[in-house]
Number of protein chains: 2
Amino acid sequence: MSKQELPIVDAGVDVPAGACCAPLVCEPLSENEAAELAPLFKAIADPVRLRLLSLIACHEGGEACVCDLTVAFDLTAPTISHHLKVLKQAGLIGSERRGTWVYYWINPAVLARMSALIGPASAALAVTS
Amino acid sequence: MSKQELPIVDAGVDVPAGACCAPLVCEPLSENEAAELAPLFKAIADPVRLRLLSLIACHEGGEACVCDLTVAFDLTAPTISHHLKVLKQAGLIGSERRGTWVYYWINPAVLARMSALIGPASAALAVTS
DNA sequence: CGCCTGCTTCGATGAACTTCTAATCAAAGG
DNA sequence: CCTTTGATTAGAAGTTCATCGAAGCAGGCG
């Protein structure tokens, strides 16, 4: 497990220090903010990873074994492993080995941060249109 | 203006017909749903496009001229034009030429659809963690 | 110990993406 | 009509990404 596998979140974009209201509509995103937020969306900007996230979220207990996930796709195990790694590096999911199997779960905080960016924007712009 | 520039949305993923609650957590995303949602996130999974979206949203009147957007980046005009095209093809923004300038605005509905996917999921998973 | 199963890493390949320059189109004015 | 300014398209170069097969690692079990 190398150091590059640490999540790329919690790098200091918590809130622009003066952010009162909805991000994306209140004041323009800075170059740094955009550079840290884009990889989060890039992580879920793939049909396979979107379904992986959904499969994990829907699984009972909020956890899913890799073996449960692999069978849902027409892809090889290395490919699924690659996509899980991308999601994990983005901080969207966590994993742990328990005995024979490796389990994955979702990190709601990162998902919430992404939603907080576009959710208020869509609502704020909808009323003024 | 060619036919390929039509938005790729409203292609029939309104709601899975039996969706009662939060997408992503209620039942796993189908292959088709994921295939139509992923390009939406891919469109904003770029620092430049994220900032473009933010700049347009923050601009007074909810509209911004291309000339206003271009000066905010260290990129050439064709590159900005390309990114605006990607956002437009995803249905996230609309545009219109008025005299000399071309104006862009945000389509809140598509943004809302994306938020509706991940927002409820993050909330639902947060309480059970 | 030796093997088997589950999962990940490595290396390669082909497709997609970002960015540029050069050329083109569209509107406005002298 | 020609030129200038604003914006897009076309084509190319360099990079990133998704996917695979082969190899490697980690637990369980006979």
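A distance of 9.0 Å separates CG of A/L69 from OH of A/Y104, quoted to the nearest 0.5 Å.
The CG-P distance, from B/L75 to C/dT21, rounds to 11 Å in whole Å. Look at OH on A/Y103: it is 13 Å from P on C/dT8, rounded to the nearest Å. Between the CD atom of B/Q89 and the P atom of C/dA16 there is a distance of 14 Å, given to the nearest Å. A straight line from CG of B/D74 to P of C/dT18 spans 18 Å, rounded to a whole angstrom. Between the CG atom of B/L84 and the C1' atom of D/dT9 there is a distance of 14 Å, given to the nearest Å.
The shortest side-chain heavy-atom distance between B/R113 and B/L37 falls under the 4.5 Å cut-off. Residues A/F41 and A/L117 are in side-chain contact: their nearest non-hydrogen atoms beyond the backbone lie under 4.5 Å apart. At least one side-chain heavy atom of A/E63 sits less than 4.5 Å from a side-chain heavy atom of A/W105. Put simply, the side chain of B/C65 reaches to within 4.5 Å of the side chain of B/D68, judged on heavy atoms.
Partners of B/E31 according to the side chain to side chain contact (heavy atoms under 4.5 Å, CB included) rule, which considers only residues two or more places apart in sequence or in another chain, are A/R51.
Sorted by residue number, the members of residues 93-102 of chain A with any non-hydrogen atom under 4.0 Å from DNA chain D read A/G99, A/T100. Interface residues of residues 56-63 of chain A facing DNA chain D, ordered by number: none; criterion, heavy-atom separation under 4.0 Å. Contacts between residues 65-73 of chain A and DNA chain D, counted as heavy-atom distances below 4.0 Å, involve no residue at all.
Proximity of a side-chain donor or acceptor of A/R49 to a complementary backbone N or O of A/K42 within less than 3.5 Å is detected. When atom types are taken as modelled, the side chain of B/N107 and the backbone of B/L92 share no donor-acceptor pair closer than 3.5 angstrom. For the pair B/T70 (side chain) and B/C67 (backbone), a donor-acceptor distance under 3.5 Å is absent.
No single ILVMFWY cluster, assembled from side-chain heavy atoms under 4.5 Å apart, contains both B/M114 and B/V86. Residues A/L75 and A/V66 share a single hydrophobic cluster, defined by chaining ILVMFWY side chains whose heavy atoms lie under 4.5 Å apart.
Among residues at least two apart or in separate chains, there is no salt bridge (charged side-chain N to carboxylate O under 4.0 Å, His left out) pair with a member in residues 70-80 of chain A.
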What pairs of nitrogen or oxygen atoms, one from the protein and one from nucleotides 16-18 of chain D, lie under 3.5 Å apart?
from, atom 1, to, atom 2, distance (Å)
D/dA18, OP1, A/R49, NH1, 3.2
D/dA18, OP1, A/R49, NH2, 2.9
D/dA18, OP2, A/H82, NE2, 3.4

_From CA spacing to verdict: side-chain contact (heavy atoms from CB on, under 4.5 Å), A/I106, A/L53_ = CA-CA 7 Å; A/I106 287 187; A/L53 220 52; 4.0 Å; yes
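Note on A/Y104: every side-chain N or O is 4.0 Å or more away from OP1 and OP2 of C/dG6.
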